[in-house]
Number of protein chains: 6
Amino acid sequence: MGIHRFFTSMNDLERIIRCPGKFKFEEHNVAAHSWKVSQYAMFFATIEENSGEVIDWKSLYEKTINHDFAEIFIGDIKTPVKHASPELKQMIAHVEEKMMEKFILDEIPTEFQDVFFERMKEGKDSSIEGRLLEFADKLDQFYESFAELKRGNTDPEFIFMYQEALTKLLKLPLTASVTYFRDVMLEDVKSEDTALDVKAFTLKVLGS
Amino acid sequence: MGIHRFFTSMNDLERIIRCPGKFKFEEHNVAAHSWKVSQYAMFFATIEENSGEVIDWKSLYEKTINHDFAEIFIGDIKTPVKHASPELKQMIAHVEEKMMEKFILDEIPTEFQDVFFERMKEGKDSSIEGRLLEFADKLDQFYESFAELKRGNTDPEFIFMYQEALTKLLKLPLTASVTYFRDVMLEDVKSEDTALDVKAFTLKVLGS
Amino acid sequence: MGIHRFFTSMNDLERIIRCPGKFKFEEHNVAAHSWKVSQYAMFFATIEENSGEVIDWKSLYEKTINHDFAEIFIGDIKTPVKHASPELKQMIAHVEEKMMEKFILDEIPTEFQDVFFERMKEGKDSSIEGRLLEFADKLDQFYESFAELKRGNTDPEFIFMYQEALTKLLKLPLTASVTYFRDVMLEDVKSEDTALDVKAFTLKVLGS
Amino acid sequence: MGIHRFFTSMNDLERIIRCPGKFKFEEHNVAAHSWKVSQYAMFFATIEENSGEVIDWKSLYEKTINHDFAEIFIGDIKTPVKHASPELKQMIAHVEEKMMEKFILDEIPTEFQDVFFERMKEGKDSSIEGRLLEFADKLDQFYESFAELKRGNTDPEFIFMYQEALTKLLKLPLTASVTYFRDVMLEDVKSEDTALDVKAFTLKVLGS
Amino acid sequence: MGIHRFFTSMNDLERIIRCPGKFKFEEHNVAAHSWKVSQYAMFFATIEENSGEVIDWKSLYEKTINHDFAEIFIGDIKTPVKHASPELKQMIAHVEEKMMEKFILDEIPTEFQDVFFERMKEGKDSSIEGRLLEFADKLDQFYESFAELKRGNTDPEFIFMYQEALTKLLKLPLTASVTYFRDVMLEDVKSEDTALDVKAFTLKVLGS
Amino acid sequence: MGIHRFFTSMNDLERIIRCPGKFKFEEHNVAAHSWKVSQYAMFFATIEENSGEVIDWKSLYEKTINHDFAEIFIGDIKTPVKHASPELKQMIAHVEEKMMEKFILDEIPTEFQDVFFERMKEGKDSSIEGRLLEFADKLDQFYESFAELKRGNTDPEFIFMYQEALTKLLKLPLTASVTYFRDVMLEDVKSEDTALDVKAFTLKVLGS
C-alpha cells in the first residue's frame, strides 16, 4: 500500500519488547530503544567531531533510527539464540535481509525503493557512523541491564549482559568516545547507590 | 543446576507473548496457551476414543504440555517469518532442536536425560496423539483470532489467522473430531454476536 | 451452548490472578498455573514410577489440568479466607461444587455430562494421582513465593506462603518425590542468590 | 499493629479488580470504585436535601468510603456466585462479617474498636444514607457496564449488568434521585454515540 | 451535557497516574488516592473530635473527595515543576481554577453551579477541615513513598518525597493528629522490615 | 552528575504517556513518539530534497530527537490545557524553558552546555527543518488518533484530534510534502477498513 503502510507498521515496534521472556522490573520496546540509541549516537558523534573526526550526520541519523527496523518481521529474538552459534547468527541475519527485501519490493513505491534499500541495510559497518551505531546500541544494553541491577534484579542474565556490554564498549575503535565513557561516565556509574553491587561488577571488567 | 533450574525456567513461558508485535485487545502467554491446548486435546481424544480409536493418554499428556517448551530459547518467532520459506522454517526447527539438546545435556541430571529427550522432541507426528496435538494447537489459533474478530480488531492478520486455522482444522485426518468441530461447534460459532462478521469469514472457508 | 461455550470460558482463567490484592513483583494467572502444575506432576509421577509405583497417566492428566477449573465461577478467593475456618472452607467447596454441577447441566451436551462430572470433581483424593496433584499444586505455591522472596518482596505473607508450602510438601505421603525434593532440589534452592535470606527461611522449616 | 497496619492494608484495595475473569476494555479497582461511589452519593444526597430530606452527612461519608472494605479479606467474589443462591449470599456476608470482626479485634487499638465496628458494618440499611449508598453503588455498576457497551464489548454479561443495574436503580425508594436519574440523566445516556446499541438496551428496561 | 458528563469524566481520574515519569514498583491513580485521603481524613477527624474539636463532616467529605478533581484538566503535573518557583505554582493554580470555572459553566446545570463552585474550590484553607485535608494528602505522599522505599526503590526522589512529607506532617497545626502520628504510628513504621533503611531516613527528620 | 545523569533521565520519557487521562485502546510513550517523528521527518525531508530543497540533516536529526525532551520536567500536559488560552500556552512554554536551562546548568558539563542549549531550544522555527519537525509531529497525532478511530474508540476527543491534525498538516508551508500526503497517503487512509467512518471524517476536512 505504500508509505502509509510503512508508517503504520512502525507502530509494531512499540509492541516488540526487548529481552523477551526474562523477568524485568521495567520493560523497554524497540521504538523507544531506537530513540535512545539515536540520542547516545548524537552525543558521541559530537565527542568524536570535537576530537577531529568528520561525521556524516545524515548517515548517522539513518543508521540509528533504522537499525532495528527488521525486528518488525522477526521480533526480538532471544539473545542466547543469536549467540548460540555463528552459523545461526548468520542464518538469522540472512532471513532478516530477505524479509526486508520482500517488504521494500511489496510495500515501498518504486521511486523510493533505492533509498529504502540503502537505509535499511545493516548499519554496523566499519565507517565512523557504523562504529558509533554499534557503540550506542551496546550502551543501551549497558543502561538497560544497569537499571535492572540497580533495582535488585538477581537474574544472572543481567549481570552477564552488563559485563558483556561493558567489555565490548571498552574495545570499540572509537578512541575519544571510549575514553570519555571510561574516564568520566563510569566514575558516575560506580558512585551510584544500587541494590546489587554494580561497582564490583564494573571493576571486575575494568580489571581484566 | 538440575530439575530446580528446569522448573524455574518454566516461568519464562509466562512472559513470552504469542503473536508479538501485532495489536491485540488481549494478550496470551505461552504457558496459558499450553494449558488450553492440553484441554482441547483431552476433549477431542475423548471424541476419538468414543469413535473406536485407542489413545495413549500418557503420550498425549506429554505432547501437549511440552509442545512449545522450545520457545523458552527462541521466543514466539513471528508467524510470517516461520512461513516466509520452507527453508527458513527448517532452519528454525533445527536451531530449536540444537538448543533443546544443549539445555537437556547442561541442566537435566543424567538419569532423566533420556526421558527429557523423548518428551521434548517434536510432537506433531502421524500418531493419533500427534494429530490431536496439531488439531488442538490450531484450535487455539482459531479461538485467539476469533476473540479478536469478535471484539472488532480490524487488523487483516487476524482474519488471515482465523481462516488459515479453520482451513487446516477441517483437513486434519481425525474424522470424528473434524466432524464434531464442523457440525456442532461451528454452528455455535456462527450464531455468536460479533463486532466483525465472523460468520461470513467462516462461510467463505466452508464454501471453498 | 455446548463445548464451544466451555472452550471460550477457559479464556476467563487467563484473567483470574492468583493471590489477589497482595503486592507482587510478578502476577500469575490460573491458566498458566495449571500448566505448571501439570509439568511438576509429570516429573514427580516419573520419579514415583521409577521407584515402583503404578501411575494412571490419564487420571493424572485429567486431575492436573482441571483442578482449578472451578475458579471460573468463584475466582481465586483470598487464601486467608479459605483458611479462616474449616466451616468456611467447607462452605466454599460446597458452593464451587454446586456451581460446577449447574454449569455442566446447562452447558455440556448430555452425551458428555458423565465425563465432565468425573473430570471436574475434586482431584486431591488419596490415590497416588491425587497425592501427586496436591504435591504439584503446593510446589507451585512454593515456587511463586520463592520468586517473590528472591526479588526482595518484604510482605510477610510470602514468607508465610513459602514456609507453609515447604512444610506441607515435606509431609506428603509420596516417599520418592519428597526425598528427591528435599535431598536434591532444596540443595539448589538454598544455593541461589536471593534478595531476602531464603536459605534461612528454608532451614527454619527443615530444622523443625 | 494498629492504625499503621490499617492504613497500609488500604493499598490492597487498589489491587482488587472488579468483575474479575471477564474481558473488559478497562479495569477498575475497588479503591477507585469507592471514590466514585462517594461522589455519586454526595450528588444525590444534595438532590434529596433540595427536595426536603435531612441528610446525616457524616453517616453518608462513612458508609460510602467503607462499603467495600471487606473485600480486603475476600476479594471481589464473582457476581454470579453472589447471586447463585440466597443461602450462598448469606454465607458470604457472614464470612465477611467474621473476618472484619477478627481484623478489628487484632489490628485496631482498643480505644477505636467501637468506632470501627460501627463504621464497618453493612451500610445498605433502610435509612436515607443506606439507600443513597445502594443507589450510588448500583450507579457505578451502571456506568462501568455502560462504558464497556459503548466501546463495543460483546460479552452478554455486560448487557445483563447494565440492565440489572438500571432496573434496580429505577426501583429504589428515593423519589427525587430516581426522577432526576430517569428524566435528566438517562436522556443524555440515550443520546450518546455508542458501539453497541445502548439506547435499545435502555428502552427495553424503561418499557417494562 | 450535564451531570451525566460530570460522572463519566470521573473515569479520567482512574487513568491519571501520580508521580508520572518516575520508576515505581507500583502505580497509583488519582481516583484511588482520593479515596485513601478520605479515609485518612476521617480517622484523624475522629482523633481531633475526641480531643475536643468540632468537625463539619459534610465539609470534610466534600473537601477530600474533590481535592484533586482539577487534575481532570491538567493531569498530575510533575512535582518538581510545581515547586520550581512560587510564581509557577501560582500560575498553575490559576490555570486549574480557570478551567474548573469553564467546566462548571459549560457542563453543570445552572441549578447546581453554585454548589459545584463551592465544592470544587481549593480545599486546603485554615479551617480544621482544610488542615485535615492537607494532613491526609501529605500522609498519602508519605505512604506512597514509604512503600517504594520498603520495596527497595533506590531513586533518590522517593527518599526526598518521604522526608518532605514527614517534615510537613510533623509541622501541621493539628496537635492531636500530629501527636498520634508521631508517637504511635511512626513507632510502627520504624519497626517494619524494609529493603532500604527507612528507619534511618525517619530518624534523620525526627532528629532535626 | 553529568552525561550519565542525562542518559539515565531519558528513561523517564519511556514512562510519560501521551494524551494522559483519556481512554485509549493503545498507549504511546514520549520516547517511542520521538522515534516515529524522526522517521516521518526523514521521509518527508527526502521528498523535499527530491523537489529541490536543501536539507540540513544534522539540524533535522537534532530537532526531531530532542523536540519533546522538556516533557521530562513537565510531563505531557493535557492538550486542552495547552490550548485553553494563548496566555497559558506561553506560560507553559516559559516554564519548560526555565527548567531546561536549570537542567543544563546543573547536569551538563560546562564544555557541552553550549551544544545542549542549541539542541534543546524550541525546534519548530520557520526553517525547512523546523517545518518538517512540525509536520512530523502533527503526523504522529494524525496516526495515533487514526489508530483509535480505526479500532472503534468513540471518545469525541479522538475525532477532534484527527481532524485538527489533518487540517494543520494540509496548511503547512511544505508544498511537496503536503502534496504527497494529500494525493498519495490520504488515498490509502481512506481505503482502510475501520470501525468508525474515518473516510467521512477525512472528507469533511478535505471538503472545507
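The structure presented is a predicted model; accordingly, all values stated were derived computationally and were not measured. Sequence lines set the chain letters: A, B, ... in the order given, protein chains first and strands last, and positions in each chain run from 1.
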Under 4.5 Å to a heavy atom of chain A? For F:Asp56 that would be neither
field: Pair A:His4 + F:Phe181: ring centers closer than 6.0 Å
entry: no
Honestly, the part of A:Glu62 sitting under 4.5 Å from a heavy atom of chain F is both
TODO: Can you establish whether the number of heavy atoms outside A:Lys199 located under 6.0 Å from its atom NZ is more than 12?
DONE: no
task = Using the six-membered ring wherever Trp is involved, compare the ring planes of A:Phe43 and F:Phe116 and label them parallel, tilted or perpendicular (cut-offs 30° and 60°).
result = tilted
Check: For F:Gln113, does the CD atom sit with more than 12 other heavy atoms under 6.0 Å from it, leaving out its own atoms?
Finding: yes
Given A:His33, A:Arg119, A:Met185, the one with more heavy-atom pairs under 4.5 angstrom with chain F than any other is A:Arg119
For A:Phe160, does the CZ atom sit with more than 12 other heavy atoms under 6.0 Å from it, leaving out its own atoms? no
>> Counting only heavy atoms from other residues, nucleotides and ligands, does the tally under 6.0 Å from NZ of F:Lys190 exceed 12?
In response: yes
Looking only at heavy atoms, the pair that brings A:Ser38 and F:Tyr61 closest together is O-OH, 2.9 Å
The interface call for F:Leu13 against chain A, heavy-atom contacts under 4.5 Å, is side chain
When every non-hydrogen atom of F:Ile65 is compared with those of A:Trp35, the smallest separation belongs to O-NE1, 2.9 Å
Quiz item: Which class fits the ring pair A:Tyr40 and F:Phe7: parallel under 30°, tilted 30 to 60°, perpendicular over 60°?
Solution: perpendicular
Looking only at F:Asn29, F:Thr46, F:Val184, the option with the highest number of non-hydrogen pairs under 4.5 Å against chain A is F:Thr46
Taking the side chain as every heavy atom from C-beta outward, state whether A:Asn11 and F:Glu26 have any atom pair closer than 4.5 Å.
yes
*With the side chain counted from C-beta on, respond yes when F:Glu14 and A:Lys36 share a heavy-atom pair under 4.5 Å apart, and no when they do not.*
yes
Cut-off 4.5 Å, heavy atoms of chain F, and the answer for A:Ile47 is side chain
* Asked: Using 4.0 Å as the upper bound for N to carboxylate O, is an ion pair formed by F:Arg5 and A:Glu192?
  -> no
From the list F:Ile55, F:Val30, F:Asn66, the residue making the most non-hydrogen contacts under 4.5 Å with chain A is F:Asn66
Counting heavy-atom pairs under 4.5 angstrom with chain F, the leader among A:Leu186, A:Leu60, A:Asn50, A:Asp140 is A:Leu60
**Message:** For F:Lys58, I'd like to know if atom NZ has over 12 heavy atoms of other residues, nucleotides or ligands within 6.0 Å.
**Reply:** yes
When every non-hydrogen atom of F:Gln39 is compared with those of A:Phe6, the smallest separation belongs to OE1-CZ, 4.0 Å
When the 4.5 angstrom heavy-atom criterion is applied to F:Ser59 and chain A, the contacting part is neither
Filtered by a 4.5 Å non-hydrogen cutoff, the part of residues 120-135 of chain F contacting chain A is none
